[in-house]
Asks: 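Below: one structure in structure tokens.
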Amino acid sequence: MKEKIQELLIAAQKALKDKGVLPSEMPTVKATLERPRHKAQGDYASNIAWVLAKEGKQSPRTIAEQIIREFPASPFIEKVEVAGGGFINFYVLPATYGAVIERVLTEGKHYGSSNLGQNRKVLIEFVSANPTGPLHVGHGRGAACGASLANILSASGFSVHREYYVNNVGRQMDILAVSVWLRYLELLGGQAITLPLNTYVGHYIIDIAQAFMEKVGRQFYALLPGCASKQEATKGEAGERELDALLIEAKSLLGEEKFTAVRTFGEEAILKDIQEDLTQFGVTFDAWYKEQSHFRDGKMQKVIERLDATGDLYHHDGALWFNSSKYGDEKDRVVRRGNGELTYFASDLAYHLTKVERGFDVLINIVGADHHGYTTRLTAAMKALGYPKILNFILVQFAVLTRGKERLSMSTRSGVFVTLRELREMVGNDAARFFYVMRKSSQHMNFDCELARSKSHENPVYTIQYAHARVASVFKKLAPLGWRYDQTMGLQNVGLLKTKEEERLLGKLSEYPDCVEAAAKQYEPHPVAHYLQECAGCFHRYYNEHRVLVEEPPLRNARLALSLAVKQVVANGLSLLGVSAPDTM
RNA sequence: GCGCCCGUAGCUCACUUGGAUAGAGCAUCAGCCUUCUAAGCUGAGGGUAGCAGGUUCGAAUCCUGCCGGGCGCGCCA
């Protein structure tokens, strides 16, 4: 319907140009059509007259009136009116409202899909948490957001590739290795040790050490390094230096080969845990891209050569710098340190260059808000490399977990985390997936666990799933009453659906494709979550007001068809968000 | 100190990227009611969109300054 009106508007513009009312060299604009908030403003509205007025040198009101005069007749349109200063309101014939039911039932699970993306290749990178510990609730939001967005883009005709970037290089991984090793020594030695500052202290490290011990026995035993046998951890800068010394000591005590073995064991154990966690959460990836692979095949050298060719690299104080301030960053960044080592930034550049080389047209990076400082320098580098527009960052703000009034998760600084697994066990996967994407990702959000786990109408997930289950339960009622659903009869009689609630519901169903499209264009899943709440709300209001299983077969089957369409749309929307659509609750 | 994000009803949040009288859900208040399994339904009140300017036919949305909150500012990863 929307497309049809847009075509008619283009035809009307053409007619005006032919008649010389509008300058013929003026570009034809595709009108933006929206759904007015108020019923008195028609079913669709366009501001096209305002847009044309700028170039056409006439008042919007006059142009609007002329468009209406040239607007071709259509069997679907009841009337077209000018309102306000130049809005054009379109009134669709109420008899055609019901047509959406047949469309939904025919298209089934594909209703809402489109060819918006024209098969363009999108790489969506998300979660990408360092493999040094379990995922926490902050990662959960990125995971839910990315997985849902990937579904939405996929349904919108994009060819979607989901990727997790594994930062398995650098000091943090060495620290992980030492953390595991010290716990291993503790297990063998039977005496408690003091873990130095900034090592990983979670219980999961002990589990990994235990598994490691079971695998290798005493082969990795050595005397306790000096600073691990102290009574108390050293704090501040001195603690960091002590940690560096410990890393060196551990490497020399174990030898490079054994040290690497511990590190790899730890990394693999944690990655396995993360993968299980995400899989249970319904979040899957097409690839787990390991940072370490850059160092093997010369990608680092290649990206530096590419950048050097643009003339944006320079030497200063013995280091190699990228002139990122030229491209909007606040200062320049080091690519290779004075000691010859490449920085994390260089590695990230190499990774992003591979994304382009792998032939993706659109890159979407979903990152936590705490990493926003990194976005400008990467964007700057992509500009320098000649891809000014390819990279899109979605910044996901932290979710504050609450249970009623009680605050559960602390800020990053305090280091007290609730794990994603704990959250899932507390509220269930469905509620977690939905609550995470209920708000615009750039918004700080409140995640009320008490609400999420409650089975009441106040809980949006419950209400939406219930709409789906409610339709299923109505259909189960049919047989005991001696009736059968006759879809042909139902579709023939959709004209009988003309109560206020039915018209609203039909309108809501026809909005669904627009909603998915909006979500795809914004790279945001939350419009779908919002839509589902509205759609379910409309259905429940309808259901409370009118009886579906009435005596007269034509009306009964029409209402059953409508209900079935609602069930389908709810199921489609929930599936985009990775939430189940149960038949019974 | 500098940079980025955010500020909308009592609370949690929308407004389809500059359009019409800023909308939902909770909570509150007033009525109704016992249902195709769902203690529910209907209606009402509630707003200077942080504050102050600016841009234009038109601003919650764009630009500037202040106020308040979050996050980030290494030749760390």
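In what follows, chains carry the letters A, B, and so on, assigned in the order in which the sequence lines appear, proteins first and then strands, with residues in each chain numbered from 1.
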Asks: Take nucleotides 31-43 of chain B nucleotide by nucleotide from the 5' end and write B, S or -, depending on whether a protein heavy atom sits under 4.0 Å from the base, only from the sugar-phosphate, or from neither.
Replies: -----BSB-SSS-
Asks: Is the NZ or CZ atom of A/Arg377 positioned over A/Tyr374's six-membered ring, under 6.0 angstrom from the centre and within 45° of the axis?
Replies: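 The answer is yes; both the distance and angle limits are met.
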Asks: Taking for each residue the nucleotide of RNA chain B with the nearest heavy atom, is it A/Gln172 or A/Tyr44 whose nucleotide lies nearer the 5' end?
Replies: A/Tyr44
Asks: Please work out if A/Asn89 contacts a base, only the sugar-phosphate, or nothing of the nucleic acid, heavy-atom cut-off 4.0 Å.
Replies: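 Base contact.
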Asks: Syn or anti for B/U8, taking syn as within 90° of 0?
Replies: anti
Asks: Which value, in whole Å, describes the distance between the C1' atoms of nucleotides B/G47 and B/A14?
Replies: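 Each nucleotide's C1' atom is 15 Å from the other's.
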Asks: If we call it a pair only when both distances are under 3.5 Å in a Watson-Crick or G-U wobble match, what pairs with B/A52?
Replies: B/U64
Asks: Identify whether any heavy atom of A/Gln397 sits under 4.0 Å from a base atom; if not, whether one sits that close to sugar-phosphate; answer base, sugar-phosphate or nothing.
Replies: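 The answer is sugar-phosphate, as A/Gln397 gets under 4.0 Å only of primed atoms, P, OP1 or OP2.
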Asks: Does the ring centre of A/Tyr436 sit less than 6.0 Å away from the ring centre of A/His526?
Replies: no
Asks: Tell me the interatomic distance from A/Ile63, atom CD1, to B/C57, atom C1', rounded to whole angstroms.
Replies: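 In whole Å, B/C57 C1' and A/Ile63 CD1 are 13 Å from each other.
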Asks: Check whether the side chains of A/Thr264 and A/Glu267 place a donor and an acceptor atom closer than 3.5 Å, and report yes or no.
Replies: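 A/Thr264 vs A/Glu267: no donor-acceptor pair found between side chains.
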Asks: The side chain of A/Arg439 lies closest to which of these nucleotides: B/C13, B/C71, B/C26?
Replies: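 Minimum distance to the A/Arg439 side chain belongs to B/C13.
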Asks: Between the base of B/C71 and the side chain of A/His372, is one N or O donor paired with an acceptor at under 3.5 angstrom?
Replies: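 Flag set: donor-acceptor pair detected.
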Asks: Could you check how far OH of A/Tyr327 sits from C1' of B/G3, rounded to whole Å?
Replies: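 For the pair A/Tyr327 OH and B/G3 C1', the rounded distance is 21 Å.
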Asks: Please report, rounded to the nearest Å, how far the C1' atom of B/A20 is from the CZ atom of A/Phe90.
Replies: 15 Å
Asks: How close or far is atom C1' of B/G72 from atom CG of A/Leu395, stated in whole angstroms?
Replies: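 In whole Å, B/G72 C1' and A/Leu395 CG are 11 Å from each other.
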Asks: Mind calculating the distance between CG (A/Leu52) and P (B/C57) to the nearest angstrom?
Replies: 16 Å
Asks: A/Ile48 CD1 to B/A20 C1': how many Å, rounded?
Replies: 17 Å
Asks: Using the C1' atom on both, measure B/U48 against B/G53 and round to a whole Å.
Replies: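 Between the two C1' atoms, the distance is 15 Å.
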Asks: Using both distances under 3.5 Å as the test, list the Watson-Crick or G-U wobble partner of B/C29, or none.
Replies: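 B/G43 is the nucleotide pairing with B/C29.
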Asks: Which residues in residues 443-455 of chain A have a heavy atom closer than 4.0 Å to any atom of RNA chain B?
Replies: A/Gln443, A/His444, A/Met445, A/Asn446
Asks: Say we look at B/U21 and B/U64: how far apart would their C1' atoms be, to the nearest angstrom?
Replies: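 It comes out at 30 Å once rounded to the nearest Å.
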Asks: Using the closest heavy atom to pick a nucleotide of RNA chain B for each, name whichever of A/His371 or A/Ala83 lands nearer the 5' end.
Replies: A/Ala83
Asks: Determine, for A/Asp583 against A/Lys476, whether the closest basic-nitrogen to carboxylate-oxygen distance falls under 4.0 angstrom.
Replies: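 A/Lys476 and A/Asp583: not salt-bridged.
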Asks: Would you mind checking if A/Arg403 and A/Asp448 are paired as a salt bridge, meaning a charged N to carboxylate O distance below 4.0 Å?
Replies: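 Between A/Arg403 and A/Asp448 there is no salt bridge, as every charged N stays at least 4.0 Å from the carboxylate O atoms.
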Asks: At less than 3.5 Å, do the side-chain atoms of A/Asn168 and the base atoms of B/A77 form a donor-acceptor pair?
Replies: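 Answer is no: no donor-acceptor pair is held.
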Asks: Let me know the distance between CZ of A/Phe435 and P of B/C13, rounded to the nearest Å.
Replies: 11 Å
Asks: Is any side-chain nitrogen or oxygen of A/Arg337 closer than 4.0 Å to OP1 or OP2 of B/A77?
Replies: yes
Asks: Look through every strand shown and name the nucleotide pairing with B/U21 as Watson-Crick or G-U wobble, where both distances are under 3.5 Å.
Replies: none
Asks: Using the P atom as the reference point in each nucleotide, state the distance between B/C29 and B/G19 in Å, no decimals.
Replies: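 Roughly 38 Å separates the two P atoms.
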Asks: Which part of the nucleic acid, if any, lies within reach of A/Ala319 when heavy atoms closer than 4.0 Å are counted: base, sugar-phosphate only, or nothing?
Replies: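 Result for A/Ala319 = base.
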Asks: Identify each atom pair where a protein N or O and an N or O of nucleotides 15-19 of chain B are less than 3.5 Å apart, giving names and distance.
Replies:
| residue | atom | partner | partner atom | Å |
| --- | --- | --- | --- | --- |
| B/C15 | OP1 | A/His526 | NE2 | 3.4 |
| B/U16 | O4 | A/Arg35 | O | 3.2 |
| B/G19 | N7 | A/Asn47 | ND2 | 3.1 |

Asks: For the residue pair A/Leu497 and A/Ala558, what are the closest heavy atoms and their distance?
Replies: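 That would be CD1-O, 3.8 Å.
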Asks: Could you measure between the two C1' atoms, the one in B/G3 and the one in B/G10, and give it in whole Å?
Replies: 35 Å
Asks: Using the P atoms only, state how far B/C63 lies from B/C4, rounded to an integer number of Å.
Replies: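 The same atom, P, in both gives a distance of 11 Å.
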Asks: Provide the distance between the two P atoms, one in B/A20 and one in B/C15, to the nearest whole Å.
Replies: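 Looking at atom P only, B/A20 and B/C15 are 14 Å apart.
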Asks: Check every strand shown and say whether A/Val335 touches a base, only sugar-phosphate, or nothing at a heavy-atom separation below 4.0 Å.
Replies: nothing
Asks: Can you tell me how far P in B/A24 sits from the matching atom in B/U42, rounded to whole Å?
Replies: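 B/A24 and B/U42 have their P atoms separated by 13 Å.
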Asks: Between A/Asn493 and A/Met489, is there a donor-acceptor pair closer than 3.5 Å when you use the side chain of the first and the backbone of the second?
Replies: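 Yes.
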Asks: Across all strands shown, which nucleotide pairs with B/A38 by Watson-Crick or G-U wobble geometry, both distances under 3.5 Å?
Replies: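 Here B/A38 is not engaged in any pair, so there is no nucleotide opposite it.
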Asks: Just how far, in rounded Å, is P of B/G72 from CZ of A/Arg377?
Replies: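 After rounding, the reported distance stands at 13 Å.
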Asks: Under the 3.5 angstrom rule, does the side chain of A/His546 hit a backbone N or O of A/Tyr542 as a donor-acceptor pair?
Replies: no
Asks: Assess whether a salt bridge exists between A/Glu65 and A/Arg61, defined as any Lys/Arg side-chain N lying under 4.0 Å from an Asp/Glu carboxylate O.
Replies: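 Here A/Glu65 pairs with A/Arg61 in a salt bridge, since their nearest N and O are under 4.0 Å apart.
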Asks: Is B/G72 paired to anything, Watson-Crick or G-U wobble with both distances less than 3.5 Å, and if yes, which nucleotide?
Replies: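 Pair assignment: B/G72 / B/C2.
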Asks: Can you figure out which of B/A20, B/C6, B/G72 approaches the side chain of A/Ser442 most closely?
Replies: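 Shortest atom-to-atom distance from the side chain points to B/C6.
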Asks: Does B/A14 pair with anything, Watson-Crick or G-U wobble, both distances under 3.5 Å, and if so, with which nucleotide?
Replies: none
Asks: With A/Arg556 as the cation and A/Trp483 as the aromatic partner, state whether NZ or CZ is under 6.0 Å from the six-membered ring centre and within 45° of the axis.
Replies: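 Judged by the rule, A/Arg556 and A/Trp483 form a cation-pi pair.
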Asks: May I have the step-by-step check of side chain to side chain contact (heavy atoms under 4.5 Å, CB included) for A/Phe345 and A/Phe322, ending in yes or no?
Replies: CA-CA 10 Å; A/Phe345 177 48; A/Phe322 168 53; 3.9 Å; yes
Asks: Regarding A/Asp43 and A/Arg35, does a basic nitrogen lie under 4.0 Å from an acidic carboxylate oxygen?
Replies: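 Looking at A/Asp43 and A/Arg35, the cut-off is not met.
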Asks: For A/Val579 and A/Ile464, what are the C-alpha separation, side-chain angles and deciding distance, and is it a side chain to side chain contact (heavy atoms under 4.5 Å, CB included)?
Replies: CA-CA 10 Å; A/Val579 179; A/Ile464 295 164; over 6 Å; no
Asks: Does NZ or CZ of A/Lys79 lie under 6.0 Å from the centre of the six-membered ring of A/Tyr91, at an angle within 45° of the ring axis?
Replies: yes
Asks: Which part of the nucleic acid does A/Ala45 contact within heavy-atom distance under 4.0 Å: base, sugar-phosphate only, or nothing?
Replies: base
Asks: Does A/Glu511 come within less than 4.0 Å of A/Lys508, counting only side-chain N to carboxylate O?
Replies: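 Here A/Glu511 pairs with A/Lys508 in a salt bridge, since their nearest N and O are under 4.0 Å apart.
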